[in-house]
Amino acid sequence: MKKQLSTKYEARKVEEGKYDFWLEKNLFSEHDKSKPPFTIVIPPPNVTGKLHLGHAWDETLQDMMIRYKKLRGYDVLYLPGMDHAGIATQAKIEERLRKQGISRYDLGREKFLEVAWDWKKEYADFIRSQWKKLGLALDYTKERFTLDEGLNEAVTHVFVSLYEKGLIYRGERIINYDPVQKTALSNIEVIYKETESSLYYFKYIIEGSEDYLEVATTRPETMFGDVCVVVNPEDERYQKYIGKNVINPSNGQLIPIIADDYVDVSFGTGVMKCTPAHDPNDFILGEKYNLEKPICMNEDGTINHLGHKYEGLDRFDARQQLVKDLQESGLCTKIEKHINQVGYSERSDAIVEPYLSKQWFVKMKPLAKQALDLQQTENKVNFYPPRFEKTFEMWLENIEDWCISRQLWWGHRIPAYYHKDTGEVYVGANPPKDIENYIQDEDVLDTWFSSALWPFSTLGWPNKTEDLERYYPTDVLITGYDILLFWVVRMIFQGVEFTKTRPFKDVLFHGLIRDEQGRKMSKSLGNGIDPIEVIDKYGADTLRHFLTTNSTPGLDIRYQVDKVEASWNFINKIWNASRFVIHNLTEDYQFEGLNLNNLSVPDKWILKRLNETIKAVSDNLDKYEFGLSGNYLYKFIWDDFCSWYIELSKVTLNSNDKDAVQTTLDVLYYVLKSIIIMIHPLMPFVSEEIYQTLHSDDVSIMNESWPSIIEHDFDFYAEVMEAIISVVSSLRTLRNEENIAPNKKIDLYIQVEDEKLLNALNDNRVYLERFAVSNTLEIASKTNLVGEGKTFILKGIELFVPLSGLIDIEEQINNLKKEIKKLEGEIARCNGMLNNPSFMAKAPQKKIDEEKAKLEDYQSRYQKAKELLESLTSK
RNA sequence: GGACGCUUAGCUCAGCUGGGAGAGCGUCUCCCUUACAAGGAGAGGGUCAGCGGUUCAAGUCCGUUAGCGUCCACCA
């Protein structure tokens, strides 16, 4: 019994077991070194949770490229891995612990890390199971984790090397501090949101006087750290006070009034308080005037001893209390509503506190310059779409140093050690020999410090491994534009610094995935879509097709159930077309190549269309235009192959001409096989199922080759086919308009001037009889075209369908008049162009020829319509 | 305050280097025809946001305005 596809397309059944089969056959991990390499390293998902639809999108695009390139003859490597995601993961783990009433300090560092590794294992397993469901062709033999031993070696190497070059330093600076996570953040981990806050005005009374300066601030709780007030030296209102002292209303301390043109005369009262430990600009002033930098806050965001009676209060409680007290004592004069940009921690959403603290920094200017220089060379990273390169450049041109230390436990420990007695700093890949005299830095590195090395650290760097040699630089990075600055930029500058080359040749950005209303998917809205639920309902192939073919590089997409269902329908169509083909193949059918000399007109036409489709699909995949390549496939498969070719093939298959049947089966087989190979990158499961049904269960479509273009001149036959299609389509419209049942036979007269076309149509009358459902069919160089009925004047062909009682002479005349008018318009347009000397002088010859050909066609049709009209009116 | 994106059919969106606007879904008509009714055959539907410019020719290039959106930026 020959193998068949089941009657119904059931994604679950089709997809079941395929992934394990691919794994068993080592199809993801076998590397043929005789082929050119093609590498994609997965953007490592965070081990914070399950993958969401955005991951599914990202990874499907990657997998599609991998599978496409494999079919194109590359030795592909799709390298999997995950990110420890320092803050994010630690926050999640602490949250889970909190529910059990445990804090990380109860456990201590070591114990906490054990818990964290358990967490990692749990989520890694989950993520792998999701990758499996999606069908990603990942080589698990090379899977990496940002916190594994090899990557730790890379991270340490980079840290030590940059330190030795003077590009990493430890310094006391104002950093963004998250008092909830109790850690420093880098600048881009702060999200500024427009927030309605208050602008408070306080009296700073001048020493030994009744006078006072009014100072406006949005953060009264930092007043305990004020060291002076500042006015603009040009500000006439306050010049007389410069050099005097004022009383800080929060604590009664005397502080001086100084002058600096940093102060904006028009903002607030034109007097600014200066708090060097709690504001980056004030810090700069502090440095400039060598001021003290008292810190008035603890690491948990509570006020410290400088706040006296407010000590221990949370910063915002202290603010409230202080304002209330000062209002009562008359020192708070005014409170205004004020809209300003307030920074929030990306992970914890806590309001970020600018905070003076000792942290590790990467000196960015030299690294940025190298990356910018790279982009001036031939070996630059190519951005798709190119506009993102501008964002990249602008950011690097205005870069500030990167704060890389984090007061966390889950991450790469900073390889710095401090001498217990001397305080001397030791930085090295290995601990100092007399380790007992040292204490290692407690902090870990920013997660992005390790992910910046991902494209090469995963391949074994800093060791000179075979993989690194072969697969690096990687070919394309596919990721969302939302992490351009976090990750992509950093991989590029670290890649240049440490590997002296770009880490990837191309970078393709996709957008965000939104819900049906266009809203960002988020936990708080509860509008997230679980990719696994979609897969369970429609299949991974459907989800993949939806995600890949509905997007344009760099733009967001909406998740739309209608479109997902359209993708399912498309697969169902392919399934049924495949069933038809397979059903018609006899048990002993063997494909032995196409006999190009024995092809029918429909055969030649579909092969020409196949050629065009292969080219269009390949070209667009090469340009990352997945939506366009999807459109070409869709149109070819649904319209050309299913609607036309399969229907036409039934004519031959039902005939007794054995040779013709064999040829038709060959073409059906050949085109179907080409189709499933081309859809394989989009729909790996169903294409494999069809492939195995055509062949056998132990072979895989993954070992096939991308279809190649058949070198043959199909042009004339395609024209014949197009003539047949236009005749059939015209008649179908006529039947609908005139309410003639599709199976009711009609008479049909076709007049063709061109002898070659005339003969070809006569040779292929069987298709016209069948699809036009004709009774009498006359195809001649001269035939009856007038009378009660409908005349069509097509390109090079005229048709007449006698319909007495339905269309009388008068209507026929009206129809012709309409047609003539339309043609006159077209002719006028063509003439307008062709008679325009500027057009003739400047337009490309190709365009001119096209217009000339059009004009010729219109004129001949016009002529014929005129003649017909005349013979009708003269009757 | 800078930079960028979007505005095309009722809805969601394509339209790559300028040369008579397309798809999916929805709507309307007909059809259970031997791969598929989650289907087939047809039809209708758009001054491509407004204005100006370049060009023989603009949805496409340039400028500008408006609406929506995103990113970056230290104004107390």
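Chain identifiers are assigned alphabetically (A, B, ...) following the order of the sequence lines, protein sequences preceding nucleic acid strands; residue numbering begins at 1 within each chain.
Taking NE2 of A:H510 as the reference point, atom OG of A:S551 lies at 9.0 Å (rounded to 0.5 Å).
Counting only heavy atoms from C-beta on, A:K650 has its side chain closest to B:rA35 among B:rA76, B:rA35, B:rG19. In this structure, the nucleotide among B:rA76, B:rA35, B:rC71 sitting nearest to the side chain of A:C642 is B:rA35. Checking B:rG39, B:rG24, B:rG15 against the side-chain heavy atoms of A:N569 singles out B:rG39 as nearest. For A:Y481, whose side chain is taken as the heavy atoms from C-beta onward, the closest listed nucleotide among B:rU70, B:rG19, B:rA35 is B:rU70. Picking from B:rC74, B:rC71, B:rA3 the nucleotide with the shortest atom distance to the side chain of A:L485 gives B:rC71. In the set B:rA14, B:rC16, B:rA3, B:rA14 carries the atom at the smallest distance from any side-chain atom of A:T552. Side chain of A:D562, nearest nucleotide from B:rC36, B:rC25, B:rA35: B:rC25. Closest contact between the side chain of A:Q341 and the listed nucleotides B:rA35, B:rA73, B:rA76 involves B:rA73. For A:R732, the side-chain atoms get nearest to B:rA41 when compared with the rest of B:rC16, B:rC36, B:rA41. For A:M272, taking side-chain heavy atoms from C-beta onward, the closest of the listed nucleotides B:rU12, B:rA76, B:rC36 is B:rA76.
Residue contacts shown for A:V215 are absent, as no nucleic acid heavy atom lies under 4.0 Å away. Nucleic acid contact class of A:A566 (heavy atoms, under 4.0 Å, all strands): sugar-phosphate only. A:N743 comes within contact range of no nucleotide atom at all, as no heavy-atom separation falls under 4.0 Å. Note on A:L199: nothing from the nucleic acid sits closer than 4.0 angstrom, heavy atoms only. Among the protein residues, A:D264 comes within range of the nucleic acid bases, having at least one heavy atom under 4.0 Å from a base atom. Residue A:P837 is classed as having no contact, given no heavy-atom separation below 4.0 Å to the nucleic acid. In this structure, A:W575 reaches neither bases nor backbone, as no heavy-atom distance under 4.0 Å exists between it and the strands shown. At a threshold of 4.0 angstrom between heavy atoms, the contacts of A:L555 are confined to the sugar-phosphate backbone, with no base atom among them. Within the nucleic acid shown, A:K390 comes within 4.0 Å of sugar-phosphate atoms alone, with no base atom in reach, counting heavy atoms only. Looking at heavy-atom distances under 4.0 Å, A:Y262 makes contact with a base. Across all strands shown, A:T733 has heavy atoms under 4.0 Å from sugar-phosphate atoms exclusively, and none from any base. Contacts of A:E851 with the nucleic acid, taken as non-hydrogen atoms under 4.0 Å apart, are absent.
Projected onto RNA chain B by closest heavy-atom contact, A:Q560 and A:G554 fall at different nucleotides, the more 5' of which corresponds to A:G554. Checking A:C830 against A:W568, the closest nucleotide of RNA chain B that is more toward the 5' end is the one next to A:C830.
A donor and an acceptor atom never sit less than 3.5 Å apart when one is taken from the side chain of A:K563 and the other from the base of B:rC25. Side-chain N/O atoms of A:N281 and base N/O atoms of B:rC74 include a donor-acceptor pair closer than 3.5 Å. For B:rA35, its base sits under 3.5 Å from the side chain of A:E647 at one donor and acceptor pair at least.
Put simply, A:N340 has a side-chain N or O that comes within less than 4.0 Å of OP1 or OP2 on B:rA76. Between A:S643 and B:rA41 there is a side-chain N or O to OP1 or OP2 distance below 4.0 Å. Close to B:rA38, at under 4.0 Å from its OP1 or OP2, lies no side-chain N or O of A:K8. Of the side-chain N and O atoms in A:R558, one or more sit less than 4.0 angstrom from OP1 or OP2 of B:rC13. Distances shorter than 4.0 Å separate some side-chain N or O of A:W638 from OP1 or OP2 on B:rG40. For B:rU12, the OP1/OP2 oxygens have no side-chain nitrogen or oxygen of A:N550 closer than 4.0 Å. Between B:rC4 and A:T391, no contact under 4.0 Å exists linking OP1 or OP2 to a side-chain N or O.
Salt bridge absent: A:E856 and A:K852 never bring a charged side-chain N and a carboxylate O closer than 4.0 Å. Salt-bridge formation is detected for the pair A:R219/A:E353: a Lys NZ or Arg NE/NH1/NH2 atom is positioned less than 4.0 Å from an Asp or Glu carboxylate oxygen. Here A:K334 pairs with A:E336 in a salt bridge; the nearest charged N to carboxylate O distance falls below 4.0 Å.
A cation-pi arrangement is present between A:K790 and A:F792, with the terminal nitrogen or guanidinium carbon under 6.0 Å from the aromatic centre and inside a 45° cone about the axis. Taking the ring axis of A:Y559 as reference, the NZ or CZ atom of A:R514 does not stay both within 45° of it and closer than 6.0 Å to the ring centre.
Comparing the same atom, C1', in B:rA58 and in B:rG15 gives a spacing of 14 Å after rounding to whole Å.
Screening A:W575, A:Y538, A:F570 against A:Y9 for a ring pair (Phe, Tyr, Trp, His ring centres under 6.0 Å) leaves a single residue, A:W575.
Crowding of A:K795 atom NZ: a count of heavy atoms from other residues, nucleotides or ligands under 6.0 Å not exceeding 12.
For A:Y192 and B:rA73, the ring-to-base geometry does not satisfy the stacking test (centroid distance below 5.5 Å, interplanar angle below 30°).
No hydrogens or angles considered: a donor-acceptor pair under 3.5 Å links the side chains of A:S567 and A:H545.
Every stem involving RNA chain B, taken as at least 3 paired positions in a row under the Watson-Crick or G-U wobble test at 3.5 Å, is listed here: B:1-7 with B:66-72, B:10-13 with B:22-25, B:27-31 with B:39-43, B:49-53 with B:61-65.
Here the shortest heavy-atom pairing between A:M297 and A:Y355 reads O-OH, 2.9 Å.
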